[in-house]
Every structure is written in structure tokens, then in C-alpha cells.
Amino acid sequence: MARVRVFLAVLFLLFTSSPVHGADNGSDSVLESVPDLEKAMYLNLKSYPCVRLLNLLGEIGCSNPGNDKISAPIVRLKSGTISLARPSTVLLQEEQMQDFFLRVSGDMEFSKNVAGVLVEPSETVNMSSGFSPADKFPQSAFAPYSNTSYEWNLPGSGIMWNKYDFPVFLLAEESISTLKEIVGEGNEASPENVAEFDLVMQTTKLGTHDSETCLKDQTCLPLGGYSVWSSLPPINISSTVTKPIVFAVASFDSASFFRDRSLGADSPISGLIALLTAVDALSHVNHLKNLKKQLVFAVLTGEAWGYLGSRKFLQELDLGSDSIRGLSSSMIEQIVEIGSVGQSLGKGGTLFYAHAGGESSGTKVILKALEDASESLGSDNVKVKKASSMNPGIPPSSLMAFLRKNTSASGIVLGDFDSAFSNKFYHSHLDNACKLKIFFFKRKITKKMFFLHFYQVIFCSTTANIKTSSVAAAAALVARALYIIANGDATLDLMALNDIKVNVSLVEELVGCLVTCEPGLSCELVGRYISPSNGDCPSHYVGVFQDTPSASQKPSYVDDTSRFLWNFLADMTSATRDGTDSCTGDCSNVGDVCIGSETEGGGKCVISTTRYVPAYSTRLKYENNIWHVLPANPSDPMESVDPVWTESYWNTIGLRVYKVESPLYDRLVLAGGVFVTFASYLAVVIARTQLAKVVKRD
Amino acid sequence: MTVAAGVGYVLIALGPALSLFASVIAKKPFLILTLLSSTLFWLISLIILAGAWRAFLPVKSTELWPYSILILTSVGFQEGIRIGFWRLFKKMEDMLNAFADRVSKPRLFLTDKMLLALAGGLGHGLAHAVFFCLSLLTPAFGPATFYVDKCPSIPFFLISAIIALGFVIIHTFSMVIAFNGYTEGKRKDQIFVPFAHLIAALITLINLVPGGCNIGLPLLCIMAGTTLYYSWQLVWRRLTEHQTTRSSD
């Protein structure tokens with residue numbers, strides 16, 4: 001038994017220095033030391049937490065209710081459960097999530113016994129109607145029109161915007177088998193399995209329950225990051241910009257119920273990838289300098305949390321900061337935003353919808369350009385249609401911020417949907433590239449696209465929430481349309497237009513790097529520019545703004561995705577120097593930037609206009625080492641509806657599971673030990689007296 | 001399993017040892033010394049065994065017979081050492097008696113010699129309990145419990161404590177029986193001890209079989225009880241005989 005094994009193992013341990021490899025038959029691995037025993041007793045489950053976020057009015061998200069860890073026995077939620085008998089850890093399937101959280105928010109009797117929640121990812125996802133914890137009209141307060149009850153996100157339940165006073169964790173796929181071993185099917189005998197949650201939030205500990213107080217008490221940090229903009233071709237810094245600007249925008253942050261599981265494959269990364277591919281396609285055109293308008297690309301972050309990126313960008317434009325030197329808001333004539341474009345495969349080709357916003361003469365130009373581009377793509381069958389006039393206006397997008405700031409602006413949001421999102425998993429942890437469900441395409445596919453689908457099936461063998469052919473089609477459409485718009489009213493060079501071709505393998509690479517965990521950020525493309533500091537799995541949650549805001553173009557806390565985008569855009573839009581200097585930071589020539597400085601071989605200096613622009617709430621000001629919330633600027637209608645999101649500080653976050661005995665058992669063991677001791681004492685005393693009598697018999 | 005259970009396990013494993021120590025051994029410093037040196041002796045024997053077996057460990061087999069060979073050799077070696085221990089004890093007894101004669105004090109009584117044997121045995125038992133049970137018991141004071149695959153009905157720490165209890169009793173009283181057996185030259189006593197030790201050790205192999213602990217633990221307790229009973233009978237007989245011989249001269 002274990003005793004003999006331990007005997008052997010301990011003996012062996014006394015005389016060897018190298019640890020012994022056990023576990024020949026897998027299930028019963030050899031324990032060699034007390035730490036091994038503890039590891040076998042306390043199982044750490046890899047999981048993703050839901051954390052505490054705060055705004056000006058209160059809190060959302062999850063947290064331990066006090067300063068300590070919470071442990072409660074695990075109970076599987078069955079469909080007929082009316083109430084819980086005692087504080088328990090509820091184990092849910094993904095399909096039960098929405099109903100459960102809606103119930104918890106409404107039913108106090110039920111929720112008081114919910115000590116913690118574990119969500120088990122389903123191996124066969126059976127959610128054909130979709131799942132979205134976001135609202136039905138995300139960020140409706142920012143819309144430039146008044147119909148805020150319109151439903152853009154049909155499956156939206158809004159559960160991520162509620163406050164929960166218990167910890168919630170999503171188990172990682174690797175933990176499913178461990179959990180199944182432990183929990184089995186409803187055995188409630190002693191010993192019970194208990195889950196212990198460590199999700200203590202600083203704001204709960206110190207009682208600061210809204211953004212203003214927590215920022216003052218330094219128990220939280222504001223959400224934010226770094227957006228990147230780049231111009232193609234690079235702008236000559238010394239001369240002021242005289243050309244009007246065509247502004248192409250995409251956002252790259254998503255949100256979800258679980259902080260570290262926001263991939264946002266379709267919304268918005270498909271749009272980001274389309275933009276990056278379009279930049280690559282356009283970078284091969286040699287005569288961009290001669291076009292009437294200047295192309296500027298911007299990738300914004302923080303858009304899911306109050307349009308932080310776009311609003312801050314606009315504020316910087318107003319202030320004329322260093323970060324946007326070379327741009328001026330009056331010169332921006334057209335704005336083209338690429339929204340979700342990953343699901344547009346329909347019968348015979350791809351179809352995109354152009355949602356127009358703002359002044360109509362400007363939008364007509366963009367629409368015409370899109371139609372011309374679609375025509376030029378001919379046999380590839382990429383169609384674009386104006387969105388339905390029954391829509392109240394543009395869908396939730398960065399363009400909303402641009403329009404509310406400047407009503408004379410005009411722009412288009414390109415998307416794969418018309419009156420409601422086609423993405424059934426908007427802002428959920430399921431908006432990823434690989435879903436575990438086998439689905440066979442029953443569509444007639446053109447020869448070129450068939451090859452793409454086939455490749456996709458090998459790569460992932462599932463239905464993905466993002467289809468590379470759709471993204472590639474969007475990229476081609478946008479690249480050609482941008483060329484046409486930038487050409488202005490000059491005669492269009494059709495040969496040059498038809499030469500603009502999209503690199504489909506780049507699209508696949510970017511999907512692999514930005515939306516999957518294999519290869520994730522360790523892919524070759526990303527490795528060319530940065531060394532990722534946060535593991536392989538990309539995460540598109542905007543995160544907290546850890547820097548002290550400064551005008552420097554070398555900020556200290558930029559996340560992996562932003563750094564990759566900066567380097568990638570700088571590379572794509574660069575006019576390379578003759579004689580590539582190897583650099584690790586600064587370049588000898590003013591105006592040059594060093595790309596790939598983090599990589600092993602060092603970077604190279606290129607001529608490029610690529611800048612970081614901070615993205616955080618325009619209502620925040622950093623002064624005396626503290627973030628202050630400023631009163632809303634009356635001339636900016638968005639400031640009064642800005643929630644000013646912050647995330648609480650936390651120390652460690654962890655989840656472990658172990659078996660416990662009932663308290664009765666513990667008391668019995670103690671009683672047993674005491675009994676054995678006293679009984680033996682009694683026996684010794686009696687024996688002694690008896691023997692003493694024998695010895696003294698004479 | 002919480003502090004209460006942890007303390008409970010310590011008391012189960014060491015209860016009788018503590019009682020014996022408090023009521024019998026603690027009063028005589030020489031017995032404490034004997035106890036400590038026998039603990040050391042036993043640990044050294046383990047180290048030598050481990051060194052000898054090093055090349056063959058770990059035993060990766062799922063069969064039981066390699067473990068039986070291991071147990072056979074280990075028990076054999078320890079019993080051999082016990083004889084050596086007894087010889088040392090005899091030498092010490094002669095020295096003590098010679099010293100007593102010189103200072104005109106009484107020689108060692110029979111009870112003294114038996115107490116020395118008891119202390120020696122208790123030293124062995126204590127070493128066993130500390131080494132095989134107490135050293136693993138720290139996690140038992142935490143909130144979690146542990147069950148081994150092969151024994152899903154009894155918690156691991158409880159099994160450990162009960163086995164330690166059994167062996168404390170077996171080691172302690174085996175020494176009393178053995179010393180008496182070697183002194184008197186009685187074959188029956190001399191054979192009983194190695195056999196009891198061997199059988200008890202082999203009984204623990206039953207625990208390696210799935211569900212075996214439900215049989216192994218009670219058997220071990222029966223073995224311990226047998227040793228205790230045998231030792232009591234022997235001591236009673238010896239002391240009564242000794243009294244009779246004394247009163248008859």
C-alpha cells in the first residue's frame with residue numbers, strides 16, 4: 001500500500017539526488033515527498049476568472065465577498081433545482097450559464113447559498129441560438145441617434161454587466177478531465193469535494209465601490225491601453241500635411257464575462273485582420289505619393305469600454321499632441337471603419353453591408369468607391385450593399401465617437417451583417433476561432449474558395465466563428481476602395497487597381513497568431529517583431545493603464561498585441577532605409593523608427609510614421625501620482641455618459657479543489673486518539689500495579 | 001482535515017508510546033538514554049538497508065513478490081541486529097553489575113532488565129512511528145483529506161496512524177520477548193519475535209491490493225494484540241517464577 005510505497009520511496013530518497021519518475025500505470029503515481037502528497041491532495045485547476053470592474057455608479061463582475069478565500073462543496077446544477085440547501089459551489093455547463101446568472105440576479109433566496117460558480121466548457125457546444133453576455137444594444141448611450149432600444153445583438157442577455165458577490169471561474173479545457181475524475185456523477189457522500197476560490201479584490205477589502213473612490217484610494221486602475229496609427233506613405237514631418245486624409249479604422253479589443261478569455265475573433269479581430277491585410281496589399285502600390293489624398297490607418301483599443309481609444313484619439317487631435325503630429329482633424333475627409341467581417345459567406349460569394357453615418361455627400365463617395373471596388377474584383381464575387389434604411393443608424397462602432405464629436409464628419413462601417421449582428425457570440429468567450437462542433441459545408445463553392453475551406457478544415461476541423469475567406473474578401477474590397485477614394489477625382493488607373501491583391505496566407509497567419517492559442521503569439525509572424533511577454537494565448541481585453549501618461553513614444557507598459565501592431569504597421573508602411581542599421585531603441589536619423597527591437601537579432605531602422613496614442617478615458621487626469629476623475633466637459637456629449645471603467649487591484653487569483661471530511665469525522669478521530677492514549681495509560685497503570693504485587697509477594 | 005483530526009492522528013499513532021513513556025520510562029534517566037540510543041540504532045539499520053537496496057529501487061513492478069523479498073531481507077537484517085543489540089545489552093549489564101558490586105549497591109533486578117528491554121523496544125517503535133507516520137502528517141492539519149486509489153474507504157492518514165500504532169506495540173513488546181528469550185535460551189520465544197515481525201510486515205503487503213486495507217489493518221491489529229498478549233504472559237510467568245525461586249532460597 002501507500003505505506004510500503006512511501007517507505008521505499010523515502011528510503012530511496014535518502015540516497016539519491018535525482019527524483020524518481022513514477023506513474024508507470026498513470027492512475028496511481030508515486031508520491032515521493034510531503035510536497036508531492038500536498039500536490040496530490042490539493043488540485044490546482046487551470047481556469048479563467050471573472051474579476052471586479054467598477055464604474056462611476058458602482059460595480060460589476062465577480063469577487064470574493066470578503067478578505068479571505070472561500071471554500072464550498074461542489075454541486076452540479078441540475079435542471080430541476082429549486083434551491084440550494086447550504087452555501088455551495090455551483091458547477092454549471094456552458095448552456096446553463098445565461099439562465100443561471102439571470103436567476104441569481106433576481107432571486108435572493110437562491111443566490112444567498114451560491115458561494116462560488118464553476119463553468120465547465122462543453123465539449124459539444126449546443127448553443128445554436130448563440131450566447132452573448134453583452135447587452136442587446138452594446139454601449140447604446142454613445143449612439144448618435146436616439147433609438148437606444150434597437151436590438152443589434154439579438155442573443156444579448158447583459159449578464160456581464162451585473163454585480164455578483166461570489167467568485168466565478170471558467171475552467172480551461174485541460175481541467176475538464178481532472179474535474180470529471182473528482183466530481184463523478186452526484187456522489188454526495190463524505191468525503192465531499194470542495195472548491196476553494198481565491199478571488200479577493202482590493203476594492204472589496206477596502207470598501208471602495210465606485211471608480212472615483214477607488215482611484216483616489218488607489219485600490220484600482222483605469223482601463224486603457226495604446227492605440228496605433230500609421231500613414232501610408234510616411235508623412236514628411238517637417239512639412240505640414242496639406243493633403244486631405246482618408247482614415248481607415250479598426251478596433252482590436254474585446255470583452256467577455258471572463259477577463260482572460262476575450263478573443264473576440266469575429267468582433268472585432270476579423271476587422272483588424274482585414275485592415276492589416278489591406279495595408280499589406282496597398283503597401284505594394286508604388287505611386288501612393290501621387291494620390292490626391294493621404295491614407296492613414298488607425299487601430300484602436302478600449303472601444304468595448306466606452307470608446308476609450310477613439311475618444312482619446314479625438315482629444316489628442318484637438319490638443320495637437322506629439323502622438324498625432326502630422327494629422328489634423330479638419331483634414332480628415334472620409335472615415336472607413338472595418339467592423340466584424342468574418343462571417344459573410346453566403347450563397348455564391350461574400351456579401352458585406354455598408355452602414356453609413358454622418359453627412360451624406362461624404363458617405364456617397366465611400367459607397368461609390370466600395371461598389372467600384374466590388375466590380376473590379378469581378379469573378380471573386382465580393383458584393384457590397386448599403387445597409388437597410390430600417391436600421392436606426394450605424395451599429396456600435398468607433399465611428400459613433402467620431403460622429404458625435406464632429407457632426408460634419410462622414411464615414412462607413414463595413415460589416416458582415418445588416419440589421420443585427422451575425423455574430424451569435426458577441427463579446428463572449430466563445431467568439432473564438434475553433435469551436436468543437438463538426439459541421440459540413442453544404443454550399444456550392446468556387447474553386448478558389450474551396451481550397452481555402454479545405455485548408456481551414458485541416459487546421460481546425462470545426463466551424464469557426466471567423467472564416468478566413470470572408471476576411472480576405474473584406475480586405476480586398478477595402479484595399480481597392482481606399483485606393484479609389486484616395487485617388488479622388490483624378491482618372492483611375494485601372495491596371496494599378498487590379499494589381500492590388502490580397503495575400504490570403506497572411507490572413508491565415510494572422511488568424512493563427514491573433515485568435516488561436518496554437519500557435520498564438522509564438523507564431524513566426526509575431527516573432528519577427530516582438531517577444532511576447534504574456535504567454536502564447538492572445539488576449540484582447542484592453543487591460544489596465546499601468547503607465548504614467550507622458551508624451552513619450554516609448555511607453556513602458558504596452559501589451560503584446562499593441563506592440564505587434566505598431567511593429568507590423570511600421571514595417572508595412574515603411575520606406576526602408578538604404579543600409580539597414582541594426583538598432584535596439586533609437587535610430588540615428590530623426591523621424592526613423594526601430595522595428596523589431598525586442599527580437600534576438602535586434603531591429604532595423606526604417607522611415608515610417610507610426611505612433612502610439614494612449615487610450616484611456618478623457619475624463620481622467622493623472623496628477624500627483626493619482627488618477628483624478630474630472631467633471632464632464634459640457635461641450636462633449638460623450639463625457640457625461642462615460643462610465644469611466646476601472647479594474648480592482650488583486651493579489652493572487654487561484655482555484656483549487658480538494659476533498660474534505662465531515663466535521664463529525666474530525667471529532668471522532670480526535671476522540672479516538674484521546675481514547676487510545678487514556679486507555680493505554682490505564683492499561684499501563686493496571687499492569688504496573690499487578691506486576692508490583694507479584695514482585696512484592698514475599 | 002483540520003487541526004483536530006491532525007492531533008487525533010498523532011495521538012492514535014503515539015498514544016500508547018506516550019503513556020508508556022510518561023508512566024514508566026520518564027522516571028528513570030537511564031531508560032530514557034536506552035530509548036534514545038535504540039532509536040538511533042534502528043535508524044542506522046534502516047540506512048544500511050537502504051544503501052544495500054539502492055541499486056534495486058524503485059521497485060516498478062505491480063506484482064507483490066519483489067516487495068516480499070525486500071521485506072524478508074529487511075526483517076532478517078533487523079532481527080540480526082536485535083541479537084547484536086542484546087549482546088551489547090548483556091555487556092552493559094555485566095559492566096553495570098560489576099560497578100554495583102564495587103560500590104556495594106544491589107545488582108540489576110529482573111524488573112530493571114525487563115524495563116531496559118521495554119525501553120529498547122519502545123525506542124524502535126517510536127522511530128518507526130515518527131519515520132513512517134509523523135513525517136507525513138503535516139498535511140493532515142490542513143483542510144483537505146486524502147484517499148489512495150487502492151483503499152477508497154479509509155483516509156490515508158488514518159491508515160498510516162493505525163499501522164504506526166500496530167508497529168509501536170509490536171516493536172516494544174517484541175524486544176521484551178526477545179531479550180527474555182535470548183537470556184533464558186528458550187527457542188519458542190526466540191523464534192516468535194522474528195516471525196511476528198515478518199508476518200506483520202507481510203500483512204502490510206495486503207494493503208497493496210485494491211480494497212486490501214480493509215483486511216490488512218484488522219490483521220495487523222490482531223498481530224499487535226497477539227504480541228502484547230504473548231509478552232504479558234511471558235513477563236507474568238517470568239516474574240512469578242523468579243519470585244518463587246527467590247523465596248525458596
Side-chain angles (χ1 to χ4, degrees), chain A residues 1-12 14-16 20-22 24-25 27-28 30 34 37-38 40-42 71 191 194 196 656 658-661 663 665-685 687-688 690-692 694-698, chain B residues 1-2 4-5 7-12 15-16 18-20 22-24 46-47 49-51 53-54 57-60 62 67 70 111 131-132 135-136 138-139 143-151 155-156 158-160 163 165 204-205 207-208 212-213 216 232 235-236 239-240 243 246-247:
Chain A
M1 208 280 297
R3 177 240 164 205
V4 177
R5 275 227 171 107
V6 171
F7 161 62
L8 296 171
V10 171
L11 270 185
F12 191 71
L14 281 178
F15 296 100
T16 57
V20 149
H21 168 71
D24 33 30
N25 51 0
S27 62
D28 203 8
V30 172
V34 174
L37 178 62
E38 285 198 312
M41 285 167 73
Y42 297 96
S71 55
V194 148
E196 187 190 78
R656 48 179 204 178
Y658 49 83
K659 290 188 163 68
V660 278
E661 300 287 349
Y665 170 89
D666 291 339
R667 276 181 246 133
L668 275 175
V669 165
L670 181 61
V674 169
F675 172 74
V676 164
T677 311
F678 275 115
S680 52
Y681 188 79
L682 223 65
V684 169
V685 165
R688 219 177 36 190
Q690 295 278 59
L691 291 173
V694 172
V695 171
K696 282 196 173 35
R697 221 182 258 166
D698 49 344
Chain B
M1 249 175 314
T2 73
V7 171
Y9 291 128
V10 172
L11 288 179
I12 290 176
L18 285 172
S19 309
L20 271 173
S23 51
V24 174
L46 269 191
I47 291 173
L49 272 172
W53 269 93
R54 182 181 177 195
L57 291 175
V59 180
K60 280 206 172 76
T62 45
Y67 295 113
L70 179 65
T111 45
F131 199 68
F132 287 113
S135 56
L136 306 173
T138 337
T145 183
F146 187 63
Y147 284 78
V148 188
D149 284 351
K150 297 229 168 81
C151 191
F156 170 70
L158 187 60
I159 300 173
S160 225
I163 292 178
L165 172 65
T204 61
L205 284 185
N207 296 330
L208 283 175
C213 56
W232 172 256
V235 167
W236 187 264
L239 283 178
T240 13
Q243 273 318 100
R246 272 192 50 181
S247 59

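Every chain is numbered from 1, with letters handed out A, B, ... down the list of sequences.
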Problem - Smallest separation among heavy atoms of B:Ser19 and A:Thr677, with atom names - result: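 So the two residues come closest at OG-O, 3.0 Å.
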Practice task
Give, as side chain, backbone, both or neither, the part of A:Ala679 having an atom under 4.5 angstrom from any heavy atom of chain B.
Solution key: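 Neither part, no heavy atoms under 4.5 Å.
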Practice task
Check A:Met41 against B:Ala144 and note the closest heavy-atom contact, atom names and distance.
Solution key: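 Looking at all heavy atoms of both residues, the closest pair is CE-O, 3.4 Å.
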Exercise for the section: For each of A:Val676, A:Leu668, A:Leu682, A:Leu37, tally heavy-atom pairs with chain B at distances under 4.5 Å, and name the one with the top tally. Expected result: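 Highest number of pairs under 4.5 Å: A:Leu37.
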Exercise for the section: Using non-hydrogen atoms and a 4.5 Å limit, figure out which bit of A:Arg667 sits close to chain B: side chain, backbone, both or neither. Expected result: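 Contact with chain B: none, neither part.
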Handout entry: Under 4.5 Å from a heavy atom of chain B, the part of A:Ala40 involved
Key =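 For A:Ala40, backbone and side chain are both near chain B.
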Problem - Smallest separation among heavy atoms of B:Pro16 and A:Ser680, with atom names - result: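 Closest approach of B:Pro16 to A:Ser680: CA-OG, 3.3 Å.
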Problem - Residue part contacting chain A, namely of B:Ser23, when any heavy atom lies under 4.5 Å - result: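 Both parts, backbone and side chain.
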Problem - Region of A:Val684 that comes under 4.5 Å of a non-hydrogen atom in chain B - result: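 Just its side chain gets close to chain B.
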Exercise for the section: Mind listing the closest non-hydrogen atom pair of A:Val34 and B:Ser135 along with its distance? Expected result: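 It is CG2-O, 3.3 Å.
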Practice task
Check each of B:Thr145, B:Thr2, B:Leu158 against A:Tyr665 using the side chain to side chain contact (heavy atoms under 4.5 Å, CB included) test, and report the only one that passes.
Solution key: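 Of the listed residues B:Thr145, B:Thr2, B:Leu158, the side chain to side chain contact (heavy atoms under 4.5 Å, CB included) partner of A:Tyr665 is B:Leu158.
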